[in-house]
Amino acid sequence: MTFMKRTHYCGQLRTEDIGKTVTLCGWAHSARNHGGVLFIDLRDRTGLTQTVIEPENKELFATGEKIKGEYVIELRGTVRARPAGYANGAMPTGGIEVAASGITVLNESKTPPFELGEHVNVTEEIRLKYRYVDLRRQKMAANLMRRHTVAQLMRAYLNKREFMEVETPILTRSTPEGARDYLVPSRVSAGNFYALPQSPQMFKQILMVSGIDRYYQLARAFRDEDLRADRQPEFTQLDLEMSFAKEDDVFPLMEGLMKEIFDAMGQELPVPFPRMTYQTVMEKYGSDKPDLRYGLELADCTDVFKSTGFKVFSSVVETGGAIRALKAEGGAKLTRGDMDKLTETAKKAGAKGLVWMRVKDGAVESPAAKFFTPEELAALKTKLSAKDGDAIFMASDEPMKASLIMGEIRKDLITRLELKPARPWAAFWVTNFPLLEWRPEEKRYDATHNPFTAPLEEEIPLLDTNPGNMGSHQYDMVLNGVELASGSVRNHRSGIQRKIMGLMGYNEEAIQERFGMLVNALDYGAPPHAGIAIGFDRLVALLSGETSIREVIAFPKTTTAACPLSGAPDRVDTRQLEDLHLRIVETEKVLGEKN
RNA sequence: GGGGACGUGGUGUAGCUUGGUUAACACGCUGCCCUGUCAAGGCAGAGACCGCGGGUUCAAAUCCCGUCGUCCCCGCCA
């Protein structure tokens, strides 16, 4: 590394560098004045180095004494070993220090709005307002660096495999992706609007028709929906598409990429990822994105209770419902209060109730125990291999709903019992999502994921007879309970694509209006193709041990989609509105309150 | 659209239930002392009218209403 003056980064020096004359540039992290000797820790994005200013050089010492927190310093000196017994094992540079021979104060700084140590205690609001200071913190610098590293690994990996990065438009037209669009008014075309893309979906499929063959893009996507810890109005995805490909091409490609990223991060990620159909994952875990670091598989106990005297169960079974059960090892320690909270969780998920049991001294302890025969209880314990100290939970409902309810109980138990994950990372594929779901209130079908997904070849005749029961080539990648990527094999034949859109309630005119650019392109020699998009922010957050993607985004927005740093969104002046042929119909009162 | 939590010096909090002298504590900041600290230490000091607006009251950080903002969740969203 070469710099004009700077010779090293602050996190770089080690005992091997002892004796070198160096120049460091950075911020004064802390200054400790002992009257006779002055320690200044210099910080840059790579770390900290302790520098020492001794009193012999009076002028130098006088300069050093004036240095306050966050002053910007260029410091020349000699690397030397710390005196015996004074090494700091907690710092990578803790074996050495730089004895200063010259200091230039490049800039002063106001007292920072919060402390920059590792023990930050400050609200996110303040951090975002002073993001430029916040990003100087070692953790944030490391997060941004990690983000950069992952991005470069992705590009290198895909470049090596003949993928081409192509930019798709940010100013585009409103697409029916499902979410609300961000709109941009046109100046030259009065009354018309661009939309910011919710994903480059249609453009990347068109690139396949164009013969680009293998496309990727670290693409920004925009959705005007309410925010969450893992959702921002603009976010980044690694978007890719490949021609002449199916699941067996996409999955190994992605597994290889994930493996390379995790290896580089010193993390162990077993590949290939297990594959589970949507049907299976729902039955076994009651969720389409279960955290498989934990066991806790649901069991179907409909058979056990098919002739039970417990009316709640028997009536559900008679009407084709199911009884799903979950055994929690060590769950017998849960208190009555815990059981009540779990019941609440079940009810929130739509359950009428939750049957819970503690297994103790070979017996079953439960308010519901009296409704079951000893034979039923014995069969239940056998089915679940329940031992003393375990707890059993059961819900009965229409089969999919019973699973979903128990899926919520499963999640609740993982946190409530503070279960330890069996391994640090667990990734898997969910395959074969249903193609369509019926929307009774709108009397039409809707795509469960994405309207461009191909149906299973052998089920295509069902499009005419029973489209609600069709599987599809839609897949998700789930990592530690986070839906990390989603993709599908697409419809490359316009006939099938049009038929599916027809089922979704679009006539030919509406298809032209909303999907015309894609469907028409499919008519001109579209190759079979498949693709996927990874939630890049989510991936980096997981790798950084963060629960909020805001921690890995340089300038994120608040839950009301505002940017405390820039003040966006904000009013614009009347002149700008006139150019755009817009008038704010809001009352003066509302506008007045904003200012 | 709905539910919950929070808002008090620069920062993080206590005080609020049960209204009543100079609003407390820690960190930071300022000054002085100190030659081996690294979340330095010692002494001294400055700094908030308690998010904003209104109401109740002799009296409001504290009670009530409204409003704004932040965070979490449901809906929504992949």
Side-chain angles (χ1 to χ4, degrees), chain A residues 29-43 48-56 61 65 68-70 80 82-91 93-94 97 99 109-130 133-134 177-181 198-199 201 221-233 235 237 239 288-289 345 348-350 408 430 433 447-450 453 474-478 482-488 532-535 537-538 547-548 550 556-562 564 589-590 593-595:
Chain A
H29 183 73
S30 72
R32 297 178 294 279
N33 189 344
H34 287 254
V37 63
L38 185 56
F39 298 99
I40 293 173
D41 289 344
L42 262 195
R43 182 192 63 239
L48 285 175
T49 294
Q50 173 167 287
T51 68
V52 189
I53 300 161
E54 277 151 347
E56 284 71 32
F61 197 84
E65 271 192 316
K68 307 274 164 56
E70 300 312 306
R80 70 184 188 199
R82 300 259 187 117
Y86 289 104
N88 184 344
M91 289 172 80
T93 60
E97 62 192 14
S109 170
K110 286 188 182 177
T111 302
F114 49 88
E115 292 162 64
L116 295 184
E118 295 309 298
H119 318 271
V120 258
N121 212 0
V122 59
T123 60
E124 209 176 335
E125 195 178 355
I126 301 288
R127 287 177 51 206
L128 289 181
K129 185 173 173 191
Y130 298 95
V133 174
D134 189 43
E177 207 69 28
R180 219 172 277 127
D181 284 315
Q198 295 179 30
S199 106
Q201 184 68 32
F222 305 85
R223 290 181 185 149
D224 187 5
E225 294 293 345
D226 286 352
L227 280 68
R228 288 285 193 287
D230 62 349
R231 264 194 252 158
Q232 283 274 302
F235 59 100
Q237 50 188 37
D239 189 48
D288 61 359
K289 48 177 182 179
T345 299
K348 263 191 186 165
E408 291 301 315
V430 185
F433 277 84
T448 55
H449 271 59
N450 158 333
T453 299
Q474 173 77 42
Y475 39 80
D476 276 2
M477 184 206 292
V478 178
V482 174
E483 182 205 307
L484 197 59
S486 190
S488 63
I532 194 164
I534 301 188
D537 309 289
R538 288 183 183 177
T547 51
S548 165
R550 292 187 297 269
K557 300 206 169 33
T558 67
T559 34
T560 48
K589 182 172 164 286
V590 171
E593 277 169 6
K594 268 204 77 178
N595 284 9

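Reminder, nothing fancy here: chain letters follow the sequence lines and each chain counts from 1. Keep in mind that the numbers below use all heavy atoms, side chains included, and drop hydrogens, waters and symmetry copies.
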May I ask you to verify if any side-chain N or O of [X] is less than 4.0 angstrom from the OP1 or OP2 atom of [N]?
| X | N | result |
| --- | --- | --- |
| A/R231 | B/C74 | no |
| A/T560 | B/U70 | yes |
| A/T558 | B/U70 | yes |

Rounded [atom1] spacing from [N] to [M] in Å:
| N | M | atom1 | result |
| --- | --- | --- | --- |
| B/U13 | B/C32 | C1' | 30 Å |
| B/G31 | B/A14 | C1' | 29 Å |
| B/C43 | B/C68 | C1' | 44 Å |
| B/A48 | B/G7 | C1' | 14 Å |
| B/C16 | B/G51 | P | 15 Å |
| B/U57 | B/C73 | C1' | 39 Å |
| B/C25 | B/G9 | P | 16 Å |
| B/C50 | B/U11 | C1' | 16 Å |

Map A/V122 and A/Q474 onto RNA chain B by nearest heavy atom, then report which one ends up closer to the 5' terminus.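 Closer to the 5' end of RNA chain B: A/V122.
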Which of these passes side chain to side chain contact (heavy atoms under 4.5 Å, CB included) with A/Q198: A/R223, A/E225, A/R180?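 It is A/R223, the one option of A/R223, A/E225, A/R180 that forms the side chain to side chain contact (heavy atoms under 4.5 Å, CB included) with A/Q198.
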Using a 4.0 Å cut-off on protein heavy atoms (strictly under), produce a 5'-to-3' string for nucleotides 25-37 of chain B with B for base contact, S for backbone-only sugar-phosphate contact, and - for none. --BSSS---BBBB
Determine, for nucleotides 1-7 of chain B in 5'-to-3' order, which nucleotides have protein heavy atoms under 4.0 Å from the base (write B), from only the sugar-phosphate (write S), or from neither (write -). B------
Can you see whether A/N450 engages A/Q474 through a side-chain donor-acceptor pair at a distance of less than 3.5 angstrom?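 There is no such pair between these side chains.
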Over all heavy atoms of both residues, which pair between A/A561 and A/P233 is shortest? Give the atoms and the distance, please.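 It is CB-CG, 4.2 Å.
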Expressed as a whole number of angstroms, how long is the span from [X]:[atom1] to [N]:[atom2]?
| X | N | atom1 | atom2 | value |
| --- | --- | --- | --- | --- |
| A/N88 | B/A40 | CG | C1' | 12 Å |
| A/R43 | B/A39 | CZ | P | 15 Å |
| A/L128 | B/G69 | CG | P | 15 Å |
| A/Q232 | B/C76 | CD | P | 21 Å |
| A/F114 | B/G9 | CZ | C1' | 18 Å |
| A/L42 | B/C38 | CG | C1' | 14 Å |
| A/E124 | B/C71 | CD | C1' | 7 Å |
| A/L38 | B/G41 | CG | P | 16 Å |

Does A/R228 have any salt bridge (Lys or Arg N to Asp or Glu O under 4.0 Å) partners at least two apart in sequence or in another chain, and if so, which?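 Partners of A/R228 under the salt bridge (Lys or Arg N to Asp or Glu O under 4.0 Å) test: none.
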Just to be sure I understand the rule, does [X] reach a base, reach only the sugar-phosphate, or reach nothing, if contact means heavy atoms closer than 4.0 Å?
| X | result |
| --- | --- |
| A/A229 | sugar-phosphate |
| A/I126 | sugar-phosphate |
| A/R127 | nothing |
| A/E125 | sugar-phosphate |

Kindly compute the distance separating [atom1] ([X]) from [atom2] ([Y]), expressed to the nearest 0.5 Å.
| X | Y | atom1 | atom2 | value |
| --- | --- | --- | --- | --- |
| A/S488 | A/Y475 | OG | OH | 6.0 Å |
| A/L227 | A/F235 | CG | CZ | 11.0 Å |
| A/D226 | A/T560 | CG | OG1 | 10.0 Å |
| A/T49 | A/D41 | OG1 | CG | 8.5 Å |
| A/H29 | A/E70 | NE2 | CD | 8.0 Å |
| A/D230 | A/T547 | CG | OG1 | 9.5 Å |

Who does [N] pair with, Watson-Crick or G-U, both distances under 3.5 Å?
| N | result |
| --- | --- |
| B/U62 | none |
| B/C71 | B/G4 |
| B/C25 | B/G12 |

Can you tell me if A/K289 has over 12 outside heavy atoms packed within less than 6.0 Å of its NZ?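 It does not: A/K289 NZ has 12 such atoms or fewer within range.
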Base B/C77 to side chain A/R223, donor-acceptor N/O within 3.5 Å cut-off: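 Flag unset: no donor-acceptor pair detected.
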If the threshold is 4.0 Å, N to carboxylate O, is there a salt bridge linking A/E124 and A/R550?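 The answer is yes: the pair qualifies as a salt bridge.
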